[in-house]
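Down below is the structure, laid out as structure tokens.
Computed from heavy atoms alone, side chains included, the values below leave out hydrogens, waters and symmetry copies. Count residues from 1 along the sequence.
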Amino acid sequence: SGYSMSKDTDTVAVWHVPLQDKVHKIEFEHGTTTGRRLIKVDGKEIIRRDWMFKLVGKEHFMLHDSIRCTITVEAIGTFAYEYSLEVGGKTYEKFREEQSKKLQTWHAVIGGMDCRICLDKQTMDVWANGLSVETTGEFGDEGTETHFQVNSTACKVVSVNSGKRSTGVVHELYVGRNRIAADPIPTSQPK
């Protein structure tokens, strides 16, 4: 699981990790001639090691101050390496799969600004553009309503039982009176 590249490029792997606040981009540079390792999170360098004689091994770092991540470099042949990422003790693919079940996101223009709204379906916490927002819950005609404001605009997530066991509860975002289409569930390999 991960990426394998045999040519000596700088950036050898890029992963996109969806969290409540945003989708974090992790980049790994591996200089197989210099032994250099560089890890960037959201464009910011967090680990740099120059002149590592050992080209294989693990690099540990924290994502969002609370999630331990590990990048593993393995040799898969002469001058060919494979790179894999673990997030919170799970493989990247497994973590993304769990997050796609746990999180639902929408993109909407609210008060003239582009906004990413993220609902944690387990806790019913709502995030707007990376910040946790205060919510109030109430029972409505359709189901449970979670009310909050973004850019002085009233918004709500309506959670209704779909009536289908396989689907379970469906969450719909309304900005004012307009229903916003949810982002598609991400595939395991982002483009």
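Put simply, the side chain of Leu19 reaches to within 4.5 Å of the side chain of Ile67, judged on heavy atoms. Taking 4.5 Å as the limit, every side-chain heavy atom of Val87 sits out of range of all side-chain heavy atoms of Ile26. Proximity of His171 to Val169: side-chain heavy atoms (C-beta onward) are separated by under 4.5 Å at one or more points.
In this structure, Tyr83 contributes its side chain and Val14 its backbone to no donor-acceptor pair below 3.5 Å. Remark: side-chain polar atoms of Asp50 are not paired, donor with acceptor, to backbone N or O of Thr34 under 3.5 angstrom. Without hydrogens or angle criteria, Thr146 side chain to Gly137 main chain gives no donor-acceptor distance under 3.5 Å. Looking at Lys121, its side chain does come within 3.5 Å of a backbone N or O of Lys101 through a donor-acceptor pair. Using modelled atom types, one side-chain atom of Asn129 and one backbone atom of Arg116 make a donor-acceptor pair closer than 3.5 Å. Without hydrogens or angle criteria, Glu82 side chain to Ile76 main chain gives no donor-acceptor distance under 3.5 Å. A distance-only check finds no donor-acceptor pair linking the side chain of Arg49 to the backbone of Gly35 [under 3.5 Å].
His16 and Arg96 make their closest contact through O-NH1, 2.7 Å (heavy atoms, listed as atom of the first residue, atom of the second, distance). Annotation for Val150 and Ala128: closest pair CG2-CB, 3.9 Å, computed over non-hydrogen atoms. Here the closest non-hydrogen pair linking Val170 and Ser162 is CG2-CB, 3.5 Å. The shortest non-hydrogen separation linking Ser152 to Gln149 is CA-OE1, 4.1 Å.
For Arg179, the CZ atom sits in a loose shell: 12 or fewer heavy atoms of surrounding residues, nucleotides or ligands are nearer than 6.0 Å. Residue Glu138 places its CD atom among more than 12 non-hydrogen atoms of other residues, nucleotides or ligands, all under 6.0 Å distant.
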Do Lys25 and Glu27 pass the side-chain contact (heavy atoms from CB on, under 4.5 Å) test, and can you show the C-alpha distance, the side-chain angles, and the key distance before you say yes or no?
CA-CA 7 Å; Lys25 181 180 181 186; Glu27 297 169 89; 3.8 Å; yes
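Because its NZ or CZ atom is not both nearer than 6.0 Å to the ring centre of Phe95 and within 45° of the ring axis, Lys90 does not count as a cation-pi partner of that residue.
Side-chain contact, Tyr81 with His30: no donor N or O sits under 3.5 Å from an acceptor N or O.
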Identify every side-chain donor-acceptor pair in residues 102-111 under 3.5 Å, counting partners at least two apart or on other chains, and give the distances.
from   : atom 1 : to     : atom 2 : distance (Å)
Thr105 : OG1    : Asp183 : OD2    : 3.2
His107 : ND1    : Asp183 : OD1    : 3.4
His107 : ND1    : Asp183 : OD2    : 2.6

